[in-house]
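Worksheet: one structure, shown below.
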Amino acid sequence: MRTNFRIAAAATTTLVAALALTACGGGDGSGDTKAGDRPAASSVATPAADDAQAPSANDSAGSTAGDSKASGSGTGTSTGTGTGTGTGSSGSGSGKHAAAPAKTDSKPAKKPSSGGGVVDTPCTGANVKLTATPVTRPINHILLTVTNTGKTLCNAYNAPSISFSKDAQSPIQIDRDTIPQAVVTLSPGASAYAMVRTLGEDDGSKAYDADHVTVYFHGRSGNESTGPSAYAALSKHVAVVDSQARATYWQSDLSTIDSW
């Protein structure tokens, strides 16, 4: 009887010890699983590319303790990582699609043309028409008119050089009191004027008759002859004494010399 009681007591002790060991083993596995459920603090700030790194030591321990608990840990980590990655992608997308400054293809505006410039083309027989008209007042005077027949501007420089005869003659003097304030520039169709006196006070010099006049033109310096000359017939003969003859400078306004 005593032997049976001892055997029963030993069996009971063995069973209690086994239950105690089982209870201890189950408690350790539950603790490891809960520790693995919490994501590391740095997982939210880590870029999505770092999710593929090896799990930590705590995660490995949780997985080893039990299959059912490890499955729960995996779900929790996936949810936390997904939320953090979504937030990071949104910020990254916003930065990549920032509006770039608008490009301007406009070129600097060109400067407007002045349309003018320095006119240096002299009026000559090549671009003007000459007329010579004897006038009644003042007497013994001829009005010379040159009209620009070209398509561009020309300058009537200085004063005309005049010849009334094919024979050699003395140069005709120029009245320097008639110098214009500016060079006379003729646009196409415009005219310039000069007055010529053919006779002065009688000093006993012999006059000759002239039925035409030839005009020679000057360049900017006023000293040289330039371009072809111009010829004009007179409507009537006029008496000329070279030593008494004088001429004005070219004028743009006839009224400045009409009573010269």
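Not counting sequence neighbours, the partners of Y157 by the side chain to side chain donor-acceptor pair (under 3.5 Å) test are D120, N155. Listed by chain and residue number, nothing satisfies the side chain to side chain donor-acceptor pair (under 3.5 Å) test with N223 (two or more places apart in sequence, or in another chain).
How far NE2 of H141 is from OG1 of T248: 9.0 Å, rounded to the nearest 0.5 Å. Here the OG-CG distance, from S243 to L199, works out to 9.5 Å after rounding to the nearest 0.5 Å. Once rounded to the nearest 0.5 Å, the distance linking OG1 of T152 with CG of N127 reads 7.0 Å. To the nearest 0.5 Å, atom SG of residue C123 and atom CG of residue L153 are 9.0 Å apart. Remark: R246 CZ to T178 OG1 distance equals 8.5 Å, nearest 0.5 Å. To the nearest 0.5 Å, the span separating CD1 on I257 from CG on L143 amounts to 6.5 Å.
Test L144, V238, V196, T198 against V213 for side chain to side chain contact (heavy atoms under 4.5 Å, CB included) and you get one pass: L144.
D242 and Y208 share a side-chain donor-acceptor pair at under 3.5 Å. Looking only at atom types and distance, the side chain of T145 has no donor-acceptor partner in the side chain of S191 under 3.5 Å away. Between the side chains of H218 and T226, no donor-acceptor pair is found at a separation under 3.5 Å.
V240 and A210 make their closest contact through CG2-CB, 4.0 Å (heavy atoms, listed as atom of the first residue, atom of the second, distance). What you find for G227 and T124 is that their closest heavy atoms are CA-CG2, 3.9 Å. Heavy-atom minimum distance, A132 versus P134: O-CD, 3.9 Å.
Connectivity analysis of hydrophobic side chains (ILVMFWY, heavy atoms under 4.5 Å, direct or indirect) links I179 to I174, Y249.
When atom types are taken as modelled, the side chain of Q244 and the backbone of E201 share a donor-acceptor pair closer than 3.5 angstrom.
Between F217 and W250, the angle of the ring planes stays under 30°, which puts this pair in the parallel group of the 30/60° scheme.
Note: H212 and Y231 meet the aromatic proximity criterion, with ring centroids under 6.0 Å apart.
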